[in-house]
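Data first, discussion second: the structure below is written as structure tokens.
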Amino acid sequence: MGARKGSISYSLFHVDGDIAKTSRDELLERIREFAFSPLTPESEEDTVHGWVVLDDMLATDFTPDNVFLGEYIALGLRVDRWALPGALFKAHIERRTREVLAETGKARLFKSEKLAIREDIGRQLKRQTLPAAAAIDMVWAVERGEVRFWSQSNRALEMFESLFESTFAVRLVNDSAYVAALHCRLADELVGALADVEQARFTSFE
């Protein structure tokens, strides 16, 4: 979703830090280090995320041509997660539990045995399906220090901020009237007057 097509709704950040002395080759290496790696049925995690090429959630072959667009750095954040159908998952666990109890003659299972059944059933179901996948666009206007991320989901924002800061060794600051005033180099008294302004989100009602 995002930069070239789809929703025009995005989250705006300002970059606290400088990459002016960082070469493009080094930036590409950092991006490759945090490239997306697919989920597998054997993965311990239920959710993974990482960078992909903008407009191609299947590509992680980062090059100067597909990352650096003029003064911009453009990437996609891909997020994959297992979304097993709850009722089916539960039914398989209950069946396996009955089978184990019948085979062992036990009245009940230990916690570790229940966990082992749950993990085994989970792996089996994962082998029969694919994880839910989404890619969210990010465009960084490097010279202006502005980053646009095409999502307002709290969970997506948390993943994005953590990944961005780990990748580029800078800090992201949420946009606000005060932060914008600092970047516009307004007079000190005007900036000070905005320090206590609270951000508000406006929603239209039909």
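Just so it is clear, the model here is predicted, and its values are computed rather than measured.
- With contacts defined as side-chain heavy-atom distances shorter than 4.5 Å, the pair Leu77/Val79 qualifies.
- For the ring-ring contact (aromatic ring centres under 6.0 Å, His included) condition, no pair includes a residue of residues 106-130, sequence neighbours left out.
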Derivation of the side chain to side chain contact (heavy atoms under 4.5 Å, CB included) call for Ile136 and Arg78: CA-CA 6 Å; Ile136 308 169; Arg78 178 169 167 178; over 6 Å; no
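- To the nearest 0.5 Å, atoms CZ (Phe34) and NE2 (His49) are separated by 9.5 Å.
- Scanning both residues, Asp80 and Ala134, for their nearest heavy atoms gives OD1-N, 4.2 Å.
- Under the 4.5 Å side-chain criterion, counting only non-hydrogen atoms from C-beta, Pro64 is in contact with Leu28.
- The minimum heavy-atom distance linking Pro131 with Leu39 is given by the pair CB-CD1, 4.0 Å.
- Asp137 contributes atom CG, which lies 4.5 Å from atom CG of Leu54 (distance to the nearest 0.5 angstrom).
- Under the 4.5 Å side-chain criterion, counting only non-hydrogen atoms from C-beta, Arg148 is not in contact with Met138.
- Remark: Arg118 CZ to Lys90 NZ distance equals 10.5 Å, nearest 0.5 Å.
- In this structure, Glu161 does not pair ionically with Arg171, as no charged nitrogen and carboxylate oxygen lie closer than 4.0 Å.
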Salt bridge (Lys or Arg N to Asp or Glu O under 4.0 Å) assessment of Glu45 paired with Arg81: CA-CA 9 Å; Glu45 303 87 356; Arg81 65 182 179 85; over 6 Å; no
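- Listed by chain and number, the residues in a ring-ring contact (aromatic ring centres under 6.0 Å, His included) with Trp82 amount to none (sequence neighbours excluded).
- Contact check on Glu26 versus Arg24 returns no salt bridge, with no Lys/Arg side-chain nitrogen under 4.0 Å from an Asp/Glu carboxylate oxygen.
- Of all non-hydrogen atoms in Ser11 and Leu157, the two that sit nearest each other are OG-CD2, 3.5 Å.
- When each of Phe149, Phe160, Trp140 is tested with Phe13 by the rule ring pair (Phe, Tyr, Trp, His ring centres under 6.0 Å), just one qualifies, namely Phe160.
- Contact annotation: the side chain of Glu165 never approaches that of Val170 to less than 4.5 Å [non-hydrogen atoms, C-beta and beyond].
- Distance alone, capped at 3.5 Å, places no donor-acceptor pair between the Ser166 side chain and the Leu163 backbone.
- For the pair Arg30 and Glu33, the salt-bridge criterion is not met [side-chain N within less than 4.0 Å of a carboxylate O].
- Contact check for Leu12 versus Val147: no side-chain heavy atoms found under the 4.5 Å cut-off.
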Test log, rule side chain to side chain contact (heavy atoms under 4.5 Å, CB included), inputs Val142 and Ile19: CA-CA 8 Å; Val142 178; Ile19 64 164; 4.0 Å; yes
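- Under the 4.5 Å side-chain heavy-atom criterion for Ile, Leu, Val, Met, Phe, Trp and Tyr, Phe36 and Val139 are members of distinct hydrophobic clusters.
- For an aromatic pair to be called close, the ring centres must be under 6.0 Å apart, and Tyr72 with Phe68 fails this.
- Taking 4.5 Å as the limit, some side-chain heavy atom of Ile117 sits within range of a side-chain heavy atom of Leu109.
- Contact annotation: the side chain of Thr22 never approaches that of Phe168 to less than 4.5 Å [non-hydrogen atoms, C-beta and beyond].
- Residues Pro41 and Arg123 come closest through the heavy atom pair O-CG, 3.3 Å.
- For the pair Thr97 (side chain) and Ile93 (backbone), a donor-acceptor distance under 3.5 Å is present.
- Using modelled atom types, one side-chain atom of Ser151 and one backbone atom of Ser153 make a donor-acceptor pair closer than 3.5 Å.
- Follow the hydrophobic side-chain contacts under 4.5 Å out from Leu75 and you never reach Val52; the two are in separate clusters.
- The line from CG of Asn66 to CG of Asp55 is 10.5 Å long, rounded to the nearest 0.5 Å.
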Test side chain to side chain contact (heavy atoms under 4.5 Å, CB included) applied to Leu84 and Lys126, step by step: CA-CA 7 Å; Leu84 299 177; Lys126 289 172 183 176; 4.1 Å; yes
Side chain to side chain contact (heavy atoms under 4.5 Å, CB included) between His14 and Glu146, worked out: CA-CA 5 Å; His14 298 276; Glu146 294 178 352; 4.0 Å; yes
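- Between Arg96 and Asp120, at least one side-chain nitrogen of the basic residue sits less than 4.0 Å from a carboxylate oxygen of the acidic one, meeting the salt-bridge criterion.
- Remark: Arg95 CZ is loosely packed, at most 12 non-hydrogen atoms of other residues, nucleotides or ligands lying under 6.0 Å away.
- The closest side-chain donor-acceptor pair between Asn154 and Glu158, if any, does not fall under 3.5 angstrom.
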Criterion side-chain hydrogen bond (donor to acceptor under 3.5 Å, both in side chains) on Thr167 and Trp51, from CA distance to verdict: CA-CA 10 Å; Thr167 304; Trp51 299 121; 3.0 Å; yes
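- Between Asp61 and Val53, the closest side-chain pair of non-hydrogen atoms falls below 4.5 Å.
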Candidate pair Arg127 and Glu42, rule salt bridge (Lys or Arg N to Asp or Glu O under 4.0 Å), full reasoning: CA-CA 9 Å; Arg127 294 189 186 105; Glu42 286 70 34; 3.0 Å; yes
